[in-house]
Amino acid sequence: MISRRALFGVGVGGLGLSACDRIAASPRLESIVGRGQGLTLHAQRLLLSAQPLAREFRAADISPVFKPNGSMRPDTDAYQALLADNFASWRLAVDGLVRAPTSFSLADLKALPARTQITRHDCVEGWSAIGGWTGVPLSVVLGRVGLMPEARFVVFHCADNLGRGPGGLYYESIDLFDAFHPQTILAYGMNGGALPVAHGAPLRLRVERQLGYKQAKYVMRLEVTDRLDGIGGGKGGFWEDRGYEWYAGI
């Protein structure tokens, strides 16, 4: 199995990051990304093909209560209008460093190959819960639009107005290592039903090997980019701009 250390080791010519060294959004991250430009998308996909999975549970293990966190219901006029028509007019825009910028309706996403997984959500606040998630693998969506060779990150722009991200809205990001992981999905279902509003309807990110604050809710747009320093506060996410680490997993 290939670790993040191995991936970045290839990308930066054997820089030798320690196993416990988390890659935070900082000048150091910018240096790593810059040195990794020689790692082609083809080579990345080879490295990403056999990644360890987060533990999956049985339906009987699903928590009777799964506390929502962050925003529970964005109060912008735009989101309220989408909610009023049960997200019939909602579209997921996918753009940036892609060959075919596209927008997907909820029906479009549900027509793509789906994955269901029962996993544990670990919040940085110290609580955990087990939930079942159904959605389309992010790799499938990225495959439909095609990535440019210089693509390195996927940024999730959200309707969540918890704070001031790009355009005043919440955002989060992951690298291609996590974007192509088989358990990284855009979830539209939870525990056998539709995704509740409090948990991010109509669409949220599940990137199961990272902490809860990476699981962006109310996703409206995916932007594929080669760097993060020009988005929001420049550190890769709403909470990262406030001191959290950009990489929150193993």
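Residue numbers count from 1 along this sequence.
For Trp246 and Phe153, the gap between ring centers is short of 6.0 Å.
In this pair, Phe66 and His199 present their aromatic rings perpendicular. The plane angle is above 60°, beyond the 30 to 60° band.
With hydrogens and angles ignored, the 3.5 Å screen pairs a side-chain donor or acceptor of Arg204 with a backbone N or O of Gln215. A donor-acceptor pair is defined here as one N or O able to donate and one able to accept, closer than 3.5 Å; such a pair exists between the side chain of Gln183 and the backbone of Ala54. Within the 3.5 Å criterion, the main-chain N or O of Gly237 finds no donor-acceptor partner in the side chain of Tyr170. Between the His181 side chain and the Ser139 main chain, no donor and acceptor come within less than 3.5 Å of each other. A distance-only check finds a donor-acceptor pair linking the side chain of Tyr171 to the backbone of Ile231 [under 3.5 Å]. Formation of a donor-acceptor pair under 3.5 Å by the Lys217 side chain with backbone atoms of Cys158 is not found in this model.
The CZ atom of Arg73 lies 7.5 Å from the OH atom of Tyr79; values are rounded to the nearest 0.5 Å. Here CH2 of Trp133 is found 7.5 Å from OG1 of Thr119. Values are rounded to the nearest 0.5 Å.
Results of the side chain to side chain contact (heavy atoms under 4.5 Å, CB included) test with Phe104 over Leu203, Val136, Val141, Leu186 single out Val141 as the only residue that passes. For the salt bridge (Lys or Arg N to Asp or Glu O under 4.0 Å) with Glu56, the qualifying choice from Arg120, Arg115, Arg209 is Arg115, the only one to do so.
Shown here for Arg58 and Ile118, the closest heavy-atom pair between the two residues is C-CD1, 3.8 Å.
With 3.5 Å as the limit, one finds no donor-acceptor pair spanning the side chains of Asn161 and Thr76. Between the side chains of Asp178 and Gln210, at least one donor-acceptor pair of N or O atoms lies under 3.5 Å.
Cation-pi geometry between Arg242 and Tyr244 is not satisfied (NZ or CZ under 6.0 Å from the ring centre, within 45° of the ring normal).
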